[in-house]
Amino acid sequence: MKKTISIHLGKQQFVIEEDAYLRLNNYLTTLESSFNNEAGTIEIMEDIEMRCAELLCLQTANGQHVITLKEVDEAIVSLGHPEEINEATSADNTTEKMYNSQQSEGVNQPKRLFRDVENGSIAGVCTGLANYLAIDPVIVKIIFVLLLFLGFGGLTYIILWIVVPNAKTPADKLKMKGKAVTVDAIKEEIENAANRFEKSAHSFARKVDQKGSEISNRFENIGLVLGKLFGIMFIFFSFIWLLSFTLLLSGNIEVIPITGDFHYTSLKSLLALALPVSQTFQLYWAAIWLIGLGAPFFFITLGIRMLLGNSKKLISFALLLFTGAVIVGIILAIIGGVQIARDFSVVTEIENKQITTHVDSLYLEELPSFSDNKKIITTKEIDFIQIENKRIVEEGVNFSYRNSSDSLFHVHQIYTAHGATRGNAIRRASVINHPFEIKGIKLLISPFYSYPMTNGFRSHNVEIIIEVPTNKKLFINNIAVESTTTSHGMIYAGKPINHWVVGGTDDK
Amino acid sequence: MNIDNTQAQMRKGILEFCILNILLTKEAYPSEILEQLKNAKLIVVEGTLYPLLTRLKNAELLSYRWEESTGGPPRKYYSITPQGLNSLAALQTTWDELVTAVNSLKK
């Protein structure tokens, strides 16, 4: 029992055995190639096919219904083999004979560059190139992927795709491999193609179907390759993120430079300073961990999925889990944010100290710091956060002056702090420490003030208000200032005192 | 030197001439042309006819029309064109000259 195929040849329909069909197809394709794209090849083939149909018809007129190899072979003998036809009809016989014999002696032609779509994965660019250069196609593909990372790989591939022709006909394929394009070689090539087709045709769709899905296959392949690339990138970068995150935050790696007690502190301690209220701190700590771990794990899982090309339940579940973690982290952070805002909601100022003096002139100067009984003029360090004796030290004290209501100098020291409640704020303010004193005619103000670490950064502030009697003078940077104007300034360590007049130009 | 080759060469030269001659009196479809050429033993393999027909048609020495036939596929009927007639006349002259020449040499 044999398989039959229904064909349409020369405007007639035939039922033909499978092997007979292959032989016939082989013959017709070889014949067509042998005309070498001569003008009118299509018409010639049309006529030949019609004659072929006529011959086959004559044989089936004998009552036979199915075309077998016998009939096909007889028809081929009648019509003639490609060499015979070409010999009898070619334009210049002698030169072609010489050309042919030369080729059939096995002299290999130089290879020509084609794309090999049949064997390639996306558009056959790499495979064709590999063929031309006689390298392993896999190596060429690796090179292209590397070039893709360098930036111009994708563009190069696309340009080659457009410019380099596809090896479609058997003649092309022979040229691609550098074999001589003789009729024998073409026949061989077609037989090989037929074998390959036969094998794939048994397990997959027919030729017509294949043509249609070919295009979508190409796109699928591109998508797959890109997906794998992205997968690798995701995993790589997430891993780095994870690593640095864990190191930085896991509490005790100390990378933030501060001065004073320690030279460095960890991010965790820094966070504690910003969020003194323990509940807020915990919220944020949890949020940081959730997001900091959830996000890279999410990307790693995504990357794995893209590499594997499918998604098992476990992977989908993991993705959901990590997304959930990140979302929860964000929610916590928002809640924490609200709490922080509340913690700043109340601000109080308290007057810590007031000194009165009846001298005639007052000189405003910086109160120097001492260490080991030696006066420190300036200490320039990396100016980030200063912590000494578990107290945060800040630099920069505001001062302002205005008219006094009586004939005496009054100097007020005002502490400011924020808190969630009034009591909270007052408590924070009262533990600020800021040294200042009047020695004779000098008003010495320290440019530094400090407050306990546990208070956190809550916009603590220190301000000095100087009341100047109308007939007396205040000297800033040894220059008398107009006491009738109100003005303010700031004292920093080791610099001349800045001050400026409200509504006027800077004083000298 | 290859005798077969030369014989083929000789036949090849006159095939087109013969085709034009066949179509001189009336039109014919390829199978008919084939029959006559076979009877005259000018053609061995049928495949040789078709490229020649197409070449002659492309050179505008022949033209064709389709005719539907009952109980069979449509057929191409080839006919000679005025240009073809001219070429035929020229070939005829050459043929006569050749015959004369060869005969005079044969002795």
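Each chain gets a letter, A, B and so on, in the order its sequence line appears, and its residues count up from 1. For clarity, every value in this text was computed on a predicted model and none was experimentally measured.
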What's the separation between atom [atom1] in [X] and atom [atom2] in [Y], rounded to the nearest 0.5 Å?
X     : Y     : atom1 : atom2 : answer
B/R55 : A/I44 : CZ    : CD1   : 7.0 Å
A/M50 : B/R75 : CE    : CZ    : 9.0 Å
A/C52 : B/E46 : SG    : CD    : 9.5 Å

Can you list the residues that meet the ring-ring contact (aromatic ring centres under 6.0 Å, His included) rule with [X], with sequence neighbours excluded?
X      : answer
B/Y50  : none
B/Y77  : B/Y29
A/Y157 : A/F144

- line: Applying a strict 4.5 Å limit to non-hydrogen atoms, the region of A/L55 in contact with chain B is side chain

Close contacts, residues 85-97 of chain B versus chain A, judged by heavy atoms under 4.5 Å: none

- prompt: Between the side chains of A/E43 and B/T54, is a donor N or O closer than 3.5 angstrom to an acceptor N or O?
  reply: no

message: Quick check on the interface: out of A/R51, A/Q12, A/K11, who has the most heavy-atom pairs with chain B under 4.5 Å?
response: A/R51

- prompt: Do A/D47 and B/K76 come close enough that some side-chain heavy atom pair is under 4.5 Å?
  reply: yes

